[in-house]
Trainee: 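Below is one structure. I have some questions about it.
Since the structure is predicted, the reported quantities are computational estimates derived from the model, not experimental observations. Read the numbers this way: they start at 1 and go in the same order the structure lists the ligands and their atoms.
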Amino acid sequence: MFPSTALLSFAYLAVVYGQQAGTNTAETHPPLTWQKCTSANSCTSQSSSVVLDSNWRWTHAVGTYTNCYTGNTWNATVCKDGASCAANCALDGADYQGTYGITSSGNALTLKFVTNGQQKNIGSRVYLMAPGSQTNYQTFNMLNQEFTFDVDVSQLPCGLNGALYFSQMDADGGMARFPTNKAGAKYGTGYCDSQCPRDIKFIDGQANVAGWTPSSSDPNAGTGNTGMCYNAPQSPTILLQIWEANSISTAYTPHPCTVTSSTSCTGSSCSAPNSTAGVCDQAGCDFNSYRLGVTNFYGPGQTVNTNSKFTVVTQFVTSNNSTSGTLSAIRRLYVQNGKVIQNSMTNIAGVTATNEIDTNFCNQQKTAFGDSNTFSQKGGLAGVGSAFQKGMVLVLSIWDDHAAEMLWLDSTYPPSKTGPGAVRGTCAVTSGNPQDVENQSPNAQVIFSNIKVGPIGSTYSA
Ligand SMILES: *[C@@H]1O[C@H](CO)[C@@H](O)[C@H](O)[C@H]1NC(C)=O
Ligand SMILES: *[C@@H]1O[C@H](CO)[C@@H](O)[C@H](O)[C@H]1NC(C)=O
Ligand SMILES: *[C@@H]1O[C@H](CO)[C@@H](O)[C@H](O)[C@H]1NC(C)=O
Ligand SMILES: *[C@@H]1O[C@H](CO)[C@@H](O)[C@H](O)[C@H]1NC(C)=O
């Protein structure tokens, strides 16, 4: 997981959003069931839905069909500044399938990469709603718990990323804290992550108009002065990537932050290229089997065979085996064809062989790979765990990477680097150019299904 690439999907529809709620298209969340387990084979079904992030939505002047944002620029008439723009512009309902390629069926969610509706849409990001709710995200405390899902990455080539992760967000999308936000979780507002993305168009109830600079590589994106890394009061802003993957490589990566009050960042404090200057640990402590010396563990025809669906189990172990304990390890295992597959053991000089993320692993890995240990400086595993006490929101996405071409996940990164930690997968260093990926693999998709949450050991069986 690498600097400023991480969750920034720079790929948006050519029109975007406001902080009022629009009514030109009715907002109907695709339903998705998941399960809460108490012990093995004892799970109850939860009837939830998913909501599309607000950044992908059409934003138009309230009560009209006039765009507030077109391509990668704001309409200067209605968006003179952040406050007036938020007041003048409405975020509209989404045609999930037709415009964004998002469909659900029972417990399965399919996210398609390129969708040619009235306009061309690239990728998407959705959040899980609380059961039965249209206005609140589901929040999770995974301490001393286990999170499990099935995934099909067989149609996800080099340069793409089907991701499932937790982000610290207000359950109501920020409506209570920022009263000028009238759209809320129903319209997917309030995203933040440890990359402090500056491409978010509305932040804390205001439009990110000041200093907005259109992207040079992406016709649908840009960045403003303000970045989104706010957090719940008195707790660090955290991002916990359970799953970032395509058919070639995968990584799971916690990212702590040091921001301790409810705030958005500005300018370079959002995402300094040298991540020690930022408030968040953009690199994170990643576990990627290939990068850690086991090149035949994950991929087409490998031990975890990405040609077909498999189950991903992630366990959040605490210091005293209690939900109030300190997060001390994140463990991973897989189930495929009725067989439990333990995570690969590291095989890197200077790293004591392990198949989990814990503090010792993170410290040794940073040293072995010559990476600066911002993970530890920004709060480490314990810092990440503390975010769960506040509750974290589940995010699912598919994206390509305008910043680093996904090379940090599936290829050699930086491309000229050699030595330990450089190679993360078998994709060519030329493989992840977003334009190429969009042209060559428009039908790429990821399917997430069968999400289960419960005490450790309760959510899977062989
Ligand atoms: C910008 O907004 C004004 C006022 O609503 C409208 O007349 C104009 O057509 C808009 N411009 C674009 C490019 O949509
Ligand atoms: C990163 O920041 C550190 C500490 O401020 C500094 O010593 C180092 O030179 C910087 N590295 C780069 C590549 O800017
Ligand atoms: C937590 O549980 C594991 C096994 O489930 C046990 O090995 C370990 O000693 C326990 N830790 C504490 C601090 O109780
Ligand atoms: C677990 O550890 C936390 C933090 O040290 C402590 O507050 C809590 O009381 C402990 N819980 C149990 C059941 O031991």
Side-chain angles (χ1 to χ4, degrees), residues 12-25 37-40 55 57-92 118-119 141-148 201-202 207-210 212-215 219-222 224 234-236 238 254 256 313-333 340 342-343 354-361 379-391 454-462:
Y12 300 117
L13 195 65
V15 284
V16 190
Y17 86 87
Q19 291 274 280
Q20 311 298 310
T23 54
N24 293 346
T25 298
C37 304
T38 49
S39 60
N55 238 28
R57 293 170 184 268
W58 177 32
T59 183
H60 57 81
V62 173
T64 75
Y65 286 82
T66 300
N67 293 347
C68 286
Y69 181 99
T70 306
N72 54 21
T73 54
W74 295 94
N75 182 331
T77 314
V78 281
C79 289
K80 284 190 183 62
D81 55 59
S84 66
C85 187
N88 291 338
C89 297
L91 174 61
D92 219 301
Q118 284 181 320
Q119 308 188 47
N141 178 357
M142 294 307 306
L143 293 175
N144 197 38
Q145 303 280 300
E146 179 175 274
F147 189 95
T148 292
K201 298 180 186 80
F202 283 79
N208 197 4
V209 171
W212 186 264
T213 309
S215 163
N220 296 329
Q234 275 79 57
S235 87
I238 304 300
V313 181
T314 310
Q315 301 172 333
F316 299 88
V317 179
T318 64
S319 53
N320 59 9
N321 293 337
S322 126
T323 49
S324 57
T326 307
L327 182 62
S328 59
I330 307 176
R331 295 189 181 138
R332 161 62 46 81
L333 53 90
V340 174
Q342 298 298 328
N343 197 19
T354 182
N355 64 359
E356 67 182 33
I357 291 179
D358 59 21
T359 300
N360 191 47
F361 161 76
L381 213 46
V384 171
S386 67
F388 274 133
Q389 310 277 8
K390 303 274 178 194
I456 289 174
S458 69
T459 66
Y460 71 98
S461 54

Trainee: Would you mind reporting whether Thr70 and Asn75 have side-chain heavy atoms less than 4.5 Å apart?
Mentor: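 They are not in contact (no side-chain heavy atoms under 4.5 Å apart), so the answer is no.
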Trainee: Identify the closest protein heavy atom to atom 12 (C) of ligand 3: which residue and atom is it, and at what distance?
Mentor: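 Nearest protein contact, heavy atoms only, for atom 12 (C) of ligand 3 is Asn321 ND2, 3.4 Å.
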Trainee: Please report which non-hydrogen protein atom sits nearest to atom 5 (O) of ligand 4, along with the residue it belongs to and the distance in Å to one decimal place.
Mentor: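 For atom 5 (O) of ligand 4, the nearest protein heavy atom comes out as Thr326 OG1, 4.5 Å.
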Trainee: In terms of ring plane angle, is the pair Phe316 and Phe388 parallel, tilted or perpendicular, where the classes change at 30° and 60°?
Mentor: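 It falls in the perpendicular class, over 60°.
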Trainee: Taking atom CD1 of Ile330 and atom OG1 of Thr314, what is their separation to the nearest 0.5 Å?
Mentor: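 Between atom CD1 of Ile330 and atom OG1 of Thr314 there are 8.5 Å.
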Trainee: Measuring only between side-chain heavy atoms, which start at C-beta, is Tyr460 closer than 4.5 Å to Leu333?
Mentor: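 When only atoms from C-beta onward are counted, Leu333 and Tyr460 do touch, with a gap below 4.5 Å.
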Trainee: Hey, what do you get for Cys89 versus Cys68: SG atoms under 2.5 Å apart or not?
Mentor: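 Cystine link detected, SG atoms below the 2.5 Å cut.
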Trainee: Give the residue, atom name and distance (to 0.1 Å) of the protein heavy atom nearest atom 10 (C) of ligand 4.
Mentor: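 Answer, as residue, atom name and distance: Asn320 ND2, 2.4 Å.
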Trainee: Quick check on contacts: which atoms of ligand 1 are under 4.0 angstrom from a heavy atom of Asn75?
Mentor: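 In order of number, 1 (C), 2 (O), 3 (C), 8 (C), 10 (C), 11 (N), 12 (C), 14 (O).
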Trainee: Do you see a protein non-hydrogen atom under 4.0 Å from atom 14 (O) of ligand 1?
Mentor: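 Yes.
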Trainee: May I ask you to identify the nearest protein heavy atom to atom 4 (C) of ligand 4, giving residue, atom name and distance to one decimal place in Å?
Mentor: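 The answer is Ser324 O, 3.7 Å.
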Trainee: Rounded to the nearest 0.5 Å, what's the gap from CG on Asn88 to NE2 on His60? Could you check?
Mentor: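 Here the interatomic distance stands at 12.5 Å.
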Trainee: Go through ligand 1 atom by atom and flag the ones less than 4.0 Å from a non-hydrogen atom of Asn67.
Mentor: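 Selected atoms, number and element: 14 (O).
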Trainee: I need the minimum non-hydrogen distance between Asn67 and Val78, along with the two atoms involved.
Mentor: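 What the structure gives for the nearest pair is O-CG2, 4.5 Å.
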Trainee: Go through ligand 3 atom by atom and flag the ones less than 4.0 Å from a non-hydrogen atom of Ser319.
Mentor: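 Counting atoms of ligand 3 from 1, those under 4.0 Å from Ser319 are 13 (C).
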Trainee: Quick one: does Gly325 get within less than 4.0 Å of ligand 3, heavy atoms only?
Mentor: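 No; Gly325 lies far enough from ligand 3 that no heavy-atom distance drops under 4.0 Å.
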Trainee: Among all the protein's non-hydrogen atoms, which is closest to atom 6 (C) of ligand 1, and how far away is it?
Mentor: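 Ranking protein heavy atoms by distance from atom 6 (C) of ligand 1, first comes Thr66 CG2, 3.6 Å.
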